[in-house]
Amino acid sequence: MAEEKADEATQQDTTPAEPVDDLVSTHHAITADGTELSYTATTGRVVLRDEVYTDGKFDGNKPKAEVFLTSYVVDAAPEDNRPVTFAFNGGPGSASVWLHLGVLGPRRVLSGDAGDLAPPPYELADNPETLLKHSDLVFIDPVSTGYSRAVEGGKPGEFHGFQGDIESIAEVIRLWTTRNGRWMSPKYLAGESYGTLRAAAVADHLQSRHGLYPNGLLLISSVLDMGTIRFTEGNDLPFSLYLPTYAAIAHHHGKHGDRPLRDVLDEAEKFAAGDYAWALARGARLTAEERAGVVRKVAELSGLSEDYVDRVNLRIEHLRFFTELLRDERKTVGRMDGRFTGWEPDAAVERFTDDPSISGIRGAYSAAINHYLREELDYRNDLPYETLTGRVQPWSYKEFEGAAVSVVDRLGSAMQANPHLRVHVGCGYTDGATPYFAAEHVLARLPVPEELRENIDVRYYPAGHMMYVHEPSRIQQSEDLANFVAGS
């Protein structure tokens with residue numbers, strides 16, 4: 001009997017401890033618009049749980065993930081009418097550090113910009129343009145990014161896919177809203193890149209599953225339909241939608257002389273939506289004269305040679321463009337931001353091996369978030385903070401088998417069910433990951449009645465995917481986001 005009890009004790013000792021929230025709060029102040037803003041920062045991991053049923057029997061709320069978040073709540077503010085914005089980045093595989101320390105939060109990293117990058121160990125500074133002036137903020141890191149992880153014994157793969165990701169992010173939002181008594185506050189979802197696709201789907205899920213209706217979506221570097229940006233066999237659409245972005249990047253690097261950027265873009269957009277799209281659809285039915293004319297115009301707009309455009313059969317894949325544009329200078333240009341340039345040891349490589357617009361700023365953001373969380377927000381965790389990770393791959397899109405990944409219909413449904421839902425879209429002209437003309441193409445086909453189109457606000461910036469690394473764009477974008485939230 002004693003041996004049996006000893007065995008039982010041993011088994012109990014090996015049972016994983018029940019995870020608990022490990023939130024830490026600190027108090028801070030920032031001067032914005034000449035006024036001191038006092039706020040409480042709360043950071044740490046919250047435990048997400050599932051209602052588990054076995055053979056119709058309720059087995060309890062079982063922990064499934066520990067999700068890391070950082071919230072900022074202004075002190076002594078009437079919480080029932082002060083907005084709150086839930087923000088996340090994309091990837092999939094990106095933490096929220098970019099929006100957090102780049103444009104929205106009360107502190108920001110000084111990373112430098114294209115051609116003038118800051119050296120390590122980098123600096124943090126107050127962000128007087130922070131959206132915190134107008135809205136409380138909650139930054140969320142999806143599972144396996146930042147410090148977010150599945151619980152011990154859990155399966156991370158359950159969160160590494162379209163639906164699992166949406167449900168977990170929506171649950172964090174519902175949980176934070178409930179625990180903080182904010183159901184009666186205006187609510188916004190802010191996403192960047194894949195985070196825009198996530199934001200649209202999360203909004204629809206929150207409305208249909210929980211009756212939680214957001215006031216607005218902040219879609220930064222938007223992609224709502226992957227079919228507009230993926231160069232897959234038989235899909236010619238991205239070739240035409242990318243052309244204005246190629247023209248913008250070529251313009252930045254001097255390929256259009258002293259022509260104003262707007263003139264170049266107007267010409268590129270008209271050609272991309274007209275003769276170029278027609279020519280791609282015609283294929284071998286083009287006459288030699290027609291083809292030569294298209295080759296000439298594509299080369300002129302993109303900054304590439306007519307010989308190259310002819311050899312790729314009029315179709316310029318984006319990674320090939322970034323590698324080809326400045327090949328004669330033995331340079332590459334960035335995908336996330338075509339203003340950045342890099343170098344390849346093999347100047348004949350077809351596709352670059354490194355995106356200089358990511359490697360140029362990643363060190364600054366990584367150093368800043370690791371320092372900031374520990375030294376300023378007093379949160380301690382020895383896990384690596386995953387700013388960008390491949391550990392979420394392969395990402396599951398099983399819900400879209402045989403079809404392009406798209407949330408256009410879900411955004412349309414959310415806007416129709418909630419006609420007060422407003423949508424802000426921010427686009428960078430030199431963004432080679434989510435081109436602005438593709439965003440326009442999607443918005444023009446959004447299935448909503450004409451009167452709801454007035455709810456859509458689109459803004460443009462002369463920089464790339466993370467347009468806020470460009471100081472004039474950051475200042476303008478901060479103002480645009482503030483006006484959108486305040487105006488809602």
Side-chain angles (χ1 to χ4, degrees), residues 23 39-43 46 48 67-75 77-90 96 99-100 103-106 130-142 165-192 195-220 222 224 407 410-426 448 452 455-457 478 480-488:
L23 299 172
Y39 62 92
T40 298
T42 301
T43 191
V46 296
L48 297 191
V67 177
F68 186 75
L69 58 80
T70 301
S71 69
Y72 300 97
V73 176
V74 167
D75 299 332
E79 294 186 351
D80 59 345
N81 61 9
R82 180 170 169 80
V84 56
T85 298
F86 299 91
F88 33 77
N89 277 81
S96 62
L99 288 177
H100 188 173
V103 64
L104 297 181
T130 174
L131 190 63
L132 186 60
K133 293 186 295 184
H134 306 279
S135 170
D136 292 338
L137 304 170
V138 182
F139 295 93
I140 303 170
D141 292 341
D165 174 71
I166 288 167
E167 291 175 358
S168 62
I169 296 298
E171 178 61 6
V172 172
I173 293 171
R174 185 200 67 82
L175 201 59
W176 192 94
T177 299
T178 300
R179 290 180 176 179
N180 290 273
R182 302 299 290 272
W183 274 86
M184 300 303 285
S185 297
K187 287 171 281 293
Y188 296 84
L189 309 183
E192 180 177 287
T196 64
L197 186 144
R198 173 187 288 137
V202 167
D204 183 54
H205 181 82
L206 286 171
Q207 292 185 179
S208 60
R209 174 66 180 84
H210 300 298
L212 192 159
Y213 280 41
N215 292 71
L217 304 181
L218 311 177
L219 307 182
I220 299 169
S222 176
L224 302 177
V407 295
R410 293 190 70 164
L411 177 56
S413 296
M415 293 179 69
Q416 291 176 58
N418 175 12
H420 298 290
L421 179 64
R422 299 177 66 238
V423 180
H424 167 88
V425 180
V448 294
L452 291 186
N455 291 3
I456 302 172
D457 170 58
S478 297
D480 292 340
L481 294 173
N483 289 338
F484 180 80
V485 170
S488 298

> Is a side-chain N or O of N89 found less than 3.5 angstrom from the main chain of E192, in a donor-acceptor match?
Replying inline: no
> For the atom pair CG (L69) and CG (L175), what is the distance rounded to the nearest 0.5 Å?
Replying inline: 9.0 Å
>> R209: which residues meet the salt bridge (Lys or Arg N to Asp or Glu O under 4.0 Å) condition with it, sequence neighbours left out?
In response: none
>> By the definition ring-ring contact (aromatic ring centres under 6.0 Å, His included), identify the one residue from F88, Y72, F68 that meets it with H100.
In response: Y72
> Is the shortest heavy-atom distance from the side chain of D136 to the side chain of V74 under 4.5 Å?
Replying inline: yes
> Does a side chain donor of either T40 or D75 reach within less than 3.5 Å of an acceptor in the other side chain?
Replying inline: yes
> When rounded to the nearest 0.5 angstrom, what is the spacing between NZ in K187 and CG in L421?
Replying inline: 12.5 Å
> Atom CD in E167, atom CG in L206: separation rounded to 0.5 Å?
Replying inline: 11.0 Å
>> When you compare the side chain of V172 with that of L48, does any pair of heavy atoms fall below 4.5 Å?
In response: yes
> Hey, are the side chains of T177 and V84 touching, using non-hydrogen atoms and a 4.5 Å cut-off?
Replying inline: no
>> If the threshold is 4.0 Å, N to carboxylate O, is there a salt bridge linking D165 and R198?
In response: yes
> So do L212 and W183 actually touch side chain to side chain, heavy atoms under 4.5 Å?
Replying inline: yes
> Given H424, which of D480, D457, N483 fulfils the side-chain hydrogen bond (donor to acceptor under 3.5 Å, both in side chains) condition?
Replying inline: D457
>> Going by the rule salt bridge (Lys or Arg N to Asp or Glu O under 4.0 Å), which residues pair with E171 if we only count those two or more places apart in sequence or in a different chain?
In response: R174
> For the residue pair G191 and T196, what are the closest heavy atoms and their distance?
Replying inline: O-CG2, 3.3 Å
> Could you state the interatomic distance from CG (L189) to CD1 (I169), rounded to the nearest 0.5 Å?
Replying inline: 10.5 Å
> In Å and rounded to the nearest 0.5 Å, what is the CG to CD distance from N418 to Q207?
Replying inline: 4.5 Å
> Which heavy-atom pair separates V138 from S71 by the least distance, and what is that distance?
Replying inline: CG2-CB, 3.9 Å
> So, for T85 and A190, which heavy atoms are closest and what is the spacing to 0.1 Å?
Replying inline: CG2-CB, 3.9 Å
> About how many Å separate CD1 of I140 and CZ of F86, when rounded to the nearest 0.5 Å?
Replying inline: 6.5 Å
> Excluding sequence neighbours, so at least two apart, what forms salt bridge (Lys or Arg N to Asp or Glu O under 4.0 Å) with D204?
Replying inline: R410
